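We name chains A, B, ... by the order of the sequence lines, and we start the count at 1 in each one. The model shown is predicted, which means the values in this text are computed figures rather than measured ones.
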Amino acid sequence: MPVTIPQTKYAGKVREVTIGATRAEGGTRSRTVTVGGETTLPFLLHEGEMPHPPAVAVEICDRRPADWSPLLYEAWGEAVNDPATWARAAEAAGADLVLLHLTGPVQRADGSTPTAQEARQAVRRVLEATGLPLLVFGPGIADLDNELLVAVAEEAAGERLVLGVCEDKNYRTLVAAALAHGHLVDGRTPMDVNLAKQLMILIRDMGLPLERVLMDPSTGALGYGIEYGYSVMERLRLAALNGDAMTQQPMLVTPGEEAWRLKEAKVGDGGVPAAWGDWAERAITWEVLTATTLLHAGADVVCLRHPASVAEVKAVIARLMAGGKDGK
Amino acid sequence: MPLSGLDIYKLLPGGQKPPHPKANCKECGFPTCLAFAMKLAAKQAELSACKYVSPEAAARLSDAAAPPIRLITLSANGHKLEVGNETVLHRHEKTFYHPPGLFVRVNDGDGLERVRAVAEQVSRYVVDYVGMPLSLDGLAVAYTSGDPEQYAEAVAAVCKAGKKMLILMAQDVAALRAALAAAAGRTPLIYAATADNWQALAEVAKAARVPLAVRAPDGNLEALANLTAQIAAAGVEDLVLDPGARGFGDSLLALTAIRRLALKQNLRSLGYPVITFPGEGASNSCQEAALAGQHIAKYAGYIVLDHFTPATAYALLVLRTNIYTDPQKPIQVEPGLYPIHNPGPDAPLMVTTNFSITYFSVRNELESSGRPGWLLVADAEGMSVLTAWAAGKFDAERIAKAVKESSAASKVAHRRLIIPGHVAVLMGELEEELPGWTIHVGPREAVDLPGFLKAAW
Ligand code: B12
Ligand code: SF4
């Protein structure tokens with residue numbers, strides 16, 4: 001009895017989005033990263049195209065954040081005290097992209113509020129330290145994000161940075177800054193298909209081409225809501241492939257930030273049940289598994305924190321991209 | 001694909017051409033054959049209620065009523081593990097029903113000591129996740145020694161270590177018979193029949209009435225389908241598939257293809273659960289966990305790991321629970337007042353929501369701190385603090401209602417309520433809703449709660 005492998009053909013295609021600009025393109029990056037372009041569900045390469053592998057962004061901060069897990073300080077060492085050194089370390093760890101997170105009063109040990117001048121300087125130094133394309137996220141307080149990111153956009157004009165996160169509260173300012181200075185935005189909504197579409201429409205209506213927009217549907221970490229993120233991403237990707245134009249954006253998610261916030265990652269042996277196992281192994285597995293699960297749901301950019309996770313996730317991506325020929 | 005009401009009607013007396021003499025006789029309890037067909041399609045009636053269905057039609061109907069992916073049951077000492085019977089490709093379409101069994105492989109050739117040690121570790125392992133005790137399902141015992149007696153001893157040792165399910169990975173009939181005798185009282189899975197040995201293994205499985213896994217070379221699904229059809233025809237119907245894929249890419253392709261063929265094309269010969277071996281396609285235990293994670297999300301029925309560590313077991317068990325949670329029903333706890341560590345009238349009173357993850361993250365912190373306290377769980381329709389707040393299910397009014405409706409006021413002598421730091425904005429409004437009470441804003445994360453209590457209570 002003949003068995004034919006079913007092949008679903010979709011009419012829709014995810015948009016291609018290119019992050020970063022080389023000198024020839026008006027920036028200073030040594031290379032650019034393109035994501036998106038899929039005409040199939042993740043890694044089902046026998047029935048459609050997935051022209052670009054998902055990219056791994058490594059998250060660094062403009063100064064030593066006060067609230068990270070001890071394991072992360074250990075892994076990055078002195079680098080956490082200086083964004084330029086940290087960016088170089090991220091590149092050495094295998095990053096495709098660098099995600100610079102500007103710290104705010106909550107993340108800073110002294111509770112100080114960053115100035116626009118500081119933000120400009122941090123971005124400038126990171127741009128000089130690495131040739132990788134850059135994403136710059138604010139501290140997560142709408143007004144402060146606006147102030148800092150507008151300055152950053154101007155400072156790095158033409159670099160095709162991804163400015164984030166752009167939410168319904170602050171999209172106007174960030175999209176205007178991206179438009180004025182040749183950047184992209186990361187549009188985040190809280191795990192809801194319709195909210196995600198709506199934000200894409202609002203951004204497009206301001207005149208930013210959708211080739212400059214990443215869709216960030218939010219996620220929870222493993223054990224803390226990943227199933228919601230997973231299903232919303234699957235639904236968004238299916239909608240995109242079935243031709244819904246407002247869902248056809250490459251998706252960015254932040255498994256690193258989510259996983260490293262948890263007790264599983266922050267608290268060492270002794271403070272937790274013995275069944276949780278070795279601290280470092282648990283924390284890294286948590287980050288890796290959160291990321292690889294979301295890759296299977298359609299993530300195009302995953303933002304990670306630990307260098308060991310970067311290596312593991314990149315290895316998984318390489319094997320998934322081998323067209324079903326990575327087996328024994 | 002299940003038959004529609006109209007498809008069924010065509011097989012009933014009323015739908016025949018020319019109609020059967022008994023058409024619409026009402027003996028089934030329904031006014032017409034069509035009405036009965038509709039009820040059958042909705043699974044609200046039994047075919048046996050009509051005495052006039054032809055044997056051929058009855059066979060077609062019961063065939064169509066069979067689940068597209070056969071339910072396979074393993075058992076051990078009264079426990080069972082059921083896999084299969086899934087109905088959708090994506091969990092948001094309905095839900096996934098039967099979580100894949102997680103197994104750890106041991107080799108009898110490694111010696112009894114080693115087998116026993118791993119079996120005990122796996123059997124003992126249990127981890128709490130939001131109040132649910134999660135554990136692995138069993139052990140796969142591989143026959144590597146070449147000595148049937150040694151194999152049977154290894155299986156006996158695994159049985160003795162606990163009440164776990166078994167997979168017998170052997171193709172030698174003598175070894176299997178000895179192992180099955182050692183595992184009396186359990187229903188293990190035999191792994192695996194191939195094109196070369198299937199008759200002998202089918203006989204063993206049939207005699208012992210246990211399910212049989214079937215392996216085809218290198219992801220060749222056609223060869224696999226032909227083999228299962230042959231084995232089923234020989235009388236072993238409880239089958240499990242090993243498509244032979246071992247990597248990340250080929251596993252995803254094979255598992256997806258099998259699920260789609262079973263559900264969308266109703267291909268019976270591939271309508272069985274799939275077994276995977278992520279350790280065989282991985283270069284280290286983190287890669288193994290990532291590949292096992294793929295198999296959890298993408299359609300495996302049994303996952304056999306080569307490495308057991310508590311850290312990866314914990315992560316995989318949680319992932320399995322998350323992926324198999326019904327998307328329509330977040331896991332919740334009963335609202336109400338929960339005492340922790342025998343609190344007295346002076347113990348702190350804290351409020352949270354009835355989303356299980358939220359409740360247990362707070363409860364676990366209080367428990368491990370050793371401090372007594374009263375935890376008031378408000379009915380927030382199973383949502384986290386911020387989600388519920390954003391959805392209007394955890395506002396001042398609801399919290400005040402929870403306080404008033406609970407016995408909190410009679411259990412504590414003070415009038416102080418600690419609210420989660422994430423909803424600090426509710427403080428003023430809540431003081432208005434609860435006259436005479438002082439509202440304290442607690443920390444944002446539960447981890448910081450014990451420290452906060454120490455300093456502020
Ligand atoms: C999973 C999730 C969902 C799931 C729901 C899960 C559920 N059952 O609750 C879904 C997808 C359904 C959802 C929906 C929505 N969501 Co939502 N969601 C999340 C997400 C990703 C995780 C929430 C979670 O589970 N956290 C884990 C639990 C354990 O955290 P927690 O309850 O806060 O508990 C912690 C602390 O609060 C503390 N704590 C708890 N109790 C107590 C008590 C005391 C005394 C103390 C001291 C501490 C304490 O301890 C816990 C551990 O530290 C967050 C974003 C994020 N990454 O955090 C957004 C988030 C909460 N959602 C948000 C929103 C807006 C929504 C929607 C309104 C969107 C919409 N318009 O549709 C809907 C509302 C639901 C509805 N209308 O039905 C926003 C809220 C924004 C805000 N600041 O108000 C968030 C923050 C996302 C964002 N950044 O915009 N969401
Ligand atoms: S018993 Fe019901 S279904 Fe059967 S012939 Fe009579 S009416 Fe039709």
Seminar exercise, completed: What one should report as the nearest heavy-atom pair of B:Gly249 and A:Leu320 is N-CD2, 4.2 Å

Exercise. Based on non-hydrogen pairs under 4.5 Å, which of A:Glu227, A:Met321, A:Lys325, A:Lys266 is most in contact with chain B?
Worked result: A:Glu227

Seminar exercise, completed: CG (A:Leu222) and CG (B:Leu316) are apart, to the nearest 0.5 Å, by 8.5 Å

For this session: Mind listing the closest non-hydrogen atom pair of B:Ala257 and A:Ile5 along with its distance?
Result: CB-CG2, 3.9 Å

Exercise. With no hydrogens and no angle check, is any side-chain donor or acceptor of A:Asp326 less than 3.5 Å from a backbone partner on B:Phe248?
Worked result: yes

Problem set entry | Closest heavy-atom pair and its distance - A:Gly324, B:Asp250 | O-CB, 3.3 Å

Seminar exercise, completed: Whatever's closer than 4.5 Å to a heavy atom in chain B on A:Val267 counts as side chain

Problem set entry | Side chain, backbone, both or neither of A:Thr293 within contact of chain B (heavy atoms, under 4.5 Å) | side chain

For this session: Can you tell which part of B:Val130 gets under 4.5 Å to a heavy atom of chain A, answering side chain, backbone, both or neither?
Result: neither

Exercise. Are more than 12 heavy atoms from other residues, nucleotides or ligands located less than 6.0 Å from atom NZ of A:Lys9?
Worked result: yes

For this session: Measure across B:Gln265 and A:Pro6 and return the closest heavy-atom pair with its distance rounded to 0.1 Å.
Result: NE2-CB, 3.9 Å

Problem set entry | Side chains of A:Tyr230 and B:Arg91 in contact at under 4.5 Å (non-hydrogen atoms) | yes

Problem set entry | Gap separating the NE2 atom of B:His90 from the CG atom of A:Leu238, nearest 0.5 angstrom | 4.5 Å

For this session: Please look at A:Pro42 and chain B and tell me whether the side chain, the backbone, both or neither of the residue comes under 4.5 angstrom of a heavy atom of that chain.
Result: backbone

Problem set entry | Residue of the set B:Thr256, B:Leu253, B:Leu252 for which side-chain contact (heavy atoms from CB on, under 4.5 Å) holds with A:Phe43 | B:Leu252

Exercise. Taking atom NE2 of B:His92 and atom OH of A:Tyr228, what is their separation to the nearest 0.5 Å?
Worked result: 15.5 Å

For this session: Sort B:Thr358 into side chain, backbone, both or neither according to what part of it lies under 4.5 angstrom from a heavy atom of chain A.
Result: neither

Seminar exercise, completed: For residues 303-318 of chain A against chain B, heavy atoms under 4.5 Å, the residues are A:Glu312, A:Ala315, A:Val316

Exercise. Where does B:Asn284 contact chain A at under 4.5 Å (heavy atoms): side chain, backbone, both or neither?
Worked result: side chain

For this session: Answer with yes or no whether the side chains of A:Glu264 and B:Tyr314 bring together a donor and an acceptor at under 3.5 Å.
Result: yes

Exercise. Is it the case that A:Glu281 and B:Thr309 place a side-chain donor and acceptor less than 3.5 Å from each other?
Worked result: yes

Seminar exercise, completed: Bottom line for B:Ala223: the part with an atom under 4.5 Å from chain A's heavy atoms is neither

Exercise. Contact part of B:Val447 toward chain A, heavy-atom cut-off under 4.5 Å: side chain, backbone, both or neither?
Worked result: side chain

Problem set entry | Other residues, nucleotides, ligands: >12 heavy atoms within 6.0 Å of A:Glu49 CD | no

Exercise. Non-hydrogen atoms of chain B under 4.5 Å away: do they reach the side chain of A:Thr4, the backbone, both or neither?
Worked result: backbone

For this session: Taking only Lys NZ, Arg NE, NH1 and NH2, and the carboxylate oxygens of Asp or Glu, determine whether A:Glu47 and B:Arg260 approach each other closer than 4.0 Å.
Result: yes

Exercise. Are B:Glu365 and A:Lys263 within salt-bridge range, i.e. N to O under 4.0 Å?
Worked result: yes

Exercise. Looking at B:Val126, B:Thr325, B:Leu319, which makes the most heavy-atom pairs under 4.5 Å with chain A?
Worked result: B:Leu319

For this session: Compare every heavy atom of A:Gly277 with every heavy atom of B:Pro310, then report the nearest pair and how far apart it is.
Result: CB-CA, 3.6 Å

Exercise. Any idea which heavy atoms bring B:Glu222 and A:Val3 closest together, and the distance?
Worked result: OE1-N, 2.9 Å

For this session: Sort B:Phe355 into side chain, backbone, both or neither according to what part of it lies under 4.5 angstrom from a heavy atom of chain A.
Result: side chain

Problem set entry | Set of residues satisfying side chain to side chain contact (heavy atoms under 4.5 Å, CB included) with respect to B:Arg268, sequence neighbours excluded | B:Asp63, B:Ala66, B:Asn266

Exercise. At what distance, to the nearest 0.5 angstrom, does CD1 of B:Ile323 lie from CD1 of A:Ile226?
Worked result: 6.5 Å

For this session: Calculate, to the nearest 0.5 Å, the distance between atoms OG and OH belonging to B:Ser384 and A:Tyr224 respectively.
Result: 12.5 Å

Exercise. What is the distance from atom OG1 of B:Thr312 to atom CG of A:Leu289, rounded to the nearest 0.5 Å?
Worked result: 9.5 Å

Exercise. Less than 4.0 Å between a side-chain N and a carboxylate O, is that true for A:Glu234 and B:Lys298?
Worked result: yes

Problem set entry | Contacting region of B:Ala245 [heavy-atom separation from chain A under 4.5 Å] | neither

